[in-house]
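This report concerns only the one structure given below.
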Amino acid sequence: MGKQTSSMIRQGCVGLLAVVTMGTTSAALAASDQVGTIYHYERTNQDGSLPEQVSVFYAAADAVEVYKAREKCTDAAFVHAKLDPESGVAASITGARLLPDAQHRDFAFLTYDEAAKELSIRVELPNMPVIEKSTQVEHTPWHLYDFDFASLTIAHQAANNPKADFEFGLPLLLADPSLDEPLTYLGTVKASYDDKYTALSHRFSLSFVGDDAEIGQLIFNSMHGHLELAELNMPNHLGYEDFKLDLLSTQKGGEKGWTNFLTNHFAGC
């Protein structure tokens, strides 16, 4: 990773990250019984500072939605994506602001041109210049880092071999209109299965391809395949030093439960 990119990451940036290689159709069908599940995480720095709730809804076999907020009644983000259920690639990811009554207002639009291997973003933030940028994605599948591994927790459930090593592309979005290159590709990350890990869960160590230095870890549930813990030594949001995502609970809420959860954010405020 170059010095300029490393510097941008240390400042705390919004990032993009890749998903795992998916398994066979039968594996995807086996994961489909988890549709309707809500995964509640806490994202922090690795020292536990700057806690924020991240809740992921497995909306459909090809759709995932994410809620992010630090406290009830405050500004909250809502991100929704359409996924290829076999590859795990998100053809479109849309960032929005959560509104009362579970409504939302879209402002960031990410699209992927599979034929051209090109990722494009348009961000329309209030009182800021529009951000438009495209970049080549050198490795697929990829995953949006700022999506807090939401696609990953869904995609890994359909992996044919949940213990197999995998690789993913790592693009990075810096939502700052003053930057010449707000969207860049950082490289390819390798996830290596840890056969010495003694817990029931499946642990993978992370490193950039061509560099043995460990940059983090992923831990998946051994029964259903969803993500239980992620740690990386680089942030994916402004103001953070690094990254930790810790699973707090899961619930089979379905569409009704998810709508009630979103509505509750502004209820009584």
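Each residue takes its place number in the sequence, starting with 1.
- By the side-chain contact (heavy atoms from CB on, under 4.5 Å) test, D75 is found to be paired with R97, residues two or more places apart in sequence or in another chain being considered.
- Taking the side chain as every heavy atom from C-beta outward, L206 and F168 approach each other to under 4.5 Å.
- Judged as a side-chain hydrogen bond (donor to acceptor under 3.5 Å, both in side chains), and not counting sequence neighbours, the contacts of S55 are H40, Q53.
- Considering only residues two or more places apart in sequence or on other chains, F78 meets the ring-ring contact (aromatic ring centres under 6.0 Å, His included) condition with H80, H104.
- Under 4.0 Å is where a charged nitrogen must lie from a carboxylate oxygen, and between K190 and E167 no such pair does.
- Contact annotation: the side chain of L227 never approaches that of L247 to less than 4.5 Å [non-hydrogen atoms, C-beta and beyond].
- Grouped by direct or indirect side-chain proximity (heavy atoms under 4.5 Å, Ile/Leu/Val/Met/Phe/Trp/Tyr only), L200 sits alone.
- Enclosure of atom NZ in K133 by more than 12 non-hydrogen atoms of other residues, nucleotides or ligands within 6.0 angstrom is indicated.
- F109 and L125 fall into different hydrophobic clusters, where Ile, Leu, Val, Met, Phe, Trp and Tyr side chains are chained together by heavy-atom contacts under 4.5 Å.
- The side-chain contact (heavy atoms from CB on, under 4.5 Å) search around E118 returns D113, A116, S120, S134, Q136, not counting sequence neighbours.
- We find the OG-CD distance between S207 and E214 to be 7.5 Å, quoted to the nearest 0.5 Å.
- Put simply, L183 and M128 are part of the same group of oily side chains (I, L, V, M, F, W, Y) that touch within less than 4.5 Å, one to the next.
- Here the shortest heavy-atom pairing between H265 and A69 reads CE1-CB, 3.6 Å.
- Annotation: side chain of F57 is in contact with side chain of E255 (closest heavy-atom distance under 4.5 Å).
- A distance-only check finds a donor-acceptor pair linking the side chain of D47 to the backbone of S49 [under 3.5 Å].
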Test side-chain contact (heavy atoms from CB on, under 4.5 Å) applied to Y185 and L119, step by step: CA-CA 10 Å; Y185 184 77; L119 193 64; over 6 Å; no
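- Tested against Y41 for a side chain to side chain donor-acceptor pair (under 3.5 Å), the candidates T250, T153, D246 yield a single pass: T153.
- The aromatic rings of H156 and F204 stand perpendicular to each other, their planes meeting at an angle above 60°, with 30° marking the opposite boundary.
- The OG atom of S201 sits 6.0 Å away from the CG atom of N221 when rounded to the nearest 0.5 Å.
- Counting heavy atoms from C-beta outward, D148 and H237 have side chains that approach closer than 4.5 Å.
- Scored by the ring-ring contact (aromatic ring centres under 6.0 Å, His included) test, Y39 finds H226 as partners (sequence neighbours excluded).
- Residues G239 and L50 share a closest heavy-atom pair of O-CD1, 3.4 Å.
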Tell me, with the steps shown, if N264 and K72 meet side-chain contact (heavy atoms from CB on, under 4.5 Å). CA-CA 8 Å; N264 183 62; K72 178 178 165 66; 3.8 Å; yes
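- To the nearest 0.5 angstrom, E231 atom CD is 10.5 Å from N233 atom CG.
- Annotation: salt bridge (Lys or Arg N to Asp or Glu O under 4.0 Å) contacts of R122 (sequence neighbours excluded): E124, E132.
- With a 4.5 Å cut-off on side-chain heavy atoms, M234 and I215 count as touching.
- Judged by distance alone, with hydrogens and angles left aside, the side-chain atoms of D211 form a donor-acceptor pair with the main-chain N or O of A213 at under 3.5 Å.
- In this structure, V35 is not a member of the same hydrophobic cluster as F261, with clusters built from ILVMFWY side-chain heavy atoms closer than 4.5 Å.
- Panel note: side chain Y240, backbone D242; no donor-acceptor pair is recorded below 3.5 Å.
- Residues F166 and L218 are in side-chain contact: their nearest non-hydrogen atoms beyond the backbone lie under 4.5 Å apart.
- With a 4.5 Å cut-off on side-chain heavy atoms, P141 and V89 count as touching.
- Taking 4.5 Å as the limit, every side-chain heavy atom of F149 sits out of range of all side-chain heavy atoms of V56.
- Close placement of the W142 and Y112 rings is indicated, their centers lying within 6.0 Å of each other.
- Hydrophobic cluster membership for I219: Y197, L229 (Ile, Leu, Val, Met, Phe, Trp, Tyr linked by side-chain heavy atoms under 4.5 Å, directly or transitively).
- Aromatic rings of F243 and Y145 (six-membered ring for Trp) have centroids within the 6.0 Å cut-off, being under it.
- More than 12 heavy atoms of other shown residues, nucleotides or ligands fall within 6.0 angstrom of atom CG in D195.
- The hydrophobic cluster analysis finds V209 isolated: no Ile, Leu, Val, Met, Phe, Trp or Tyr side chain comes under 4.5 Å of it, directly or through other members.
- With N45 contributing its side chain and E241 its backbone, the two residues share a donor-acceptor pair below 3.5 Å.
- With respect to L170, the side chain to side chain contact (heavy atoms under 4.5 Å, CB included) criterion is satisfied by exactly one of V137, L232, L186, T188: L186.
- Between G169 and H139, the shortest heavy-atom distance links the atoms N-CD2, 3.6 Å.
- For A60, the side-chain contact (heavy atoms from CB on, under 4.5 Å) criterion is met by D62, A63, not counting sequence neighbours.
- Atoms CG and CD, on L152 and Q157 in that order, are 10.0 Å from each other to the nearest 0.5 Å.
- Across A81 and I93, no two heavy atoms sit closer than the pair CB-CG1, 3.8 Å.
- F107 and Y67 sit in two unconnected hydrophobic clusters of ILVMFWY residues. Membership requires side-chain heavy atoms under 4.5 Å apart, directly or through other members.
- Hydrophobic clustering places V123 together with F147 (ILVMFWY residues linked when any side-chain heavy atoms are closer than 4.5 Å, directly or through intermediates).
- Around atom CD of E71, no more than 12 heavy atoms belonging to other residues, nucleotides or ligands sit under 6.0 Å away.
- More than 12 heavy atoms of other residues, nucleotides or ligands sit less than 6.0 Å from atom NZ of K252.
- Listed by chain and residue number, E42, P51, K244 satisfy the side-chain contact (heavy atoms from CB on, under 4.5 Å) test with T44 (two or more places apart in sequence, or in another chain).
- Here disulfide (SG to SG under 2.5 Å) pairs that include residues 64-141, with residues two or more places apart or in two chains, are C73-C269.
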